[in-house]
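Computed from heavy atoms alone, side chains included, the values below leave out hydrogens, waters and symmetry copies.
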Amino acid sequence: MAKTQLGARVDSSIKALAEARAKDRGLSLGDYIAVLVHEDTEGLRQRGLHAAERFLAEHQGVFDEAEDADRRTPGSHAA
């Protein structure tokens, strides 16, 4: 596939975050941006968010119980 160049203006902090995440994933900044756009347009990100929402909805009680148990345990919280 032929590649084309594009430009975008972002805050330096956003650029640094994008560069760090691209490096974490072993991608160039351009490839990282392309992956993000592809995932967004293919709906992968949205499906992942929906899956996380379903998981939390189904298992929220477990998390609530764990938090309640932590609250009842002496010394479980910082002063």
With rounding to the nearest 0.5 angstrom, report the NZ to OG distance, Lys23 to Ser28. 14.0 Å

From Ile33 CD1 over to His38 NE2, what is the distance, rounded to the nearest 0.5 angstrom? 15.5 Å

For the residue pair Phe55 and His59, is the inter-centroid distance of their aromatic rings smaller than 6.0 Å? yes

Please give me the minimum heavy-atom distance between Leu29 and Ala18, naming the atom from each residue. CD1-CB, 3.6 Å

Under a 3.5 Å distance rule, please check whether Arg45 uses its side chain to pair with a backbone N or O of Leu36 as donor and acceptor. no

Non-hydrogen side-chain atoms of His50 and Arg47 separated by less than 4.5 Å: no

Show the nearest heavy-atom pair for residues Leu56 and Phe63, with the distance to one decimal. CD2-CE1, 3.9 Å

Electrostatic pair Arg71-Glu67, nearest N-O below 4.0 angstrom: yes

With side chains defined as the heavy atoms from C-beta onward, is the minimum distance between Arg21 and Asp24 less than 4.5 Å? yes

Partners passing salt bridge (charged side-chain N to carboxylate O under 4.0 Å, His left out) against Arg25 (at least two apart in sequence or in another chain): Glu39

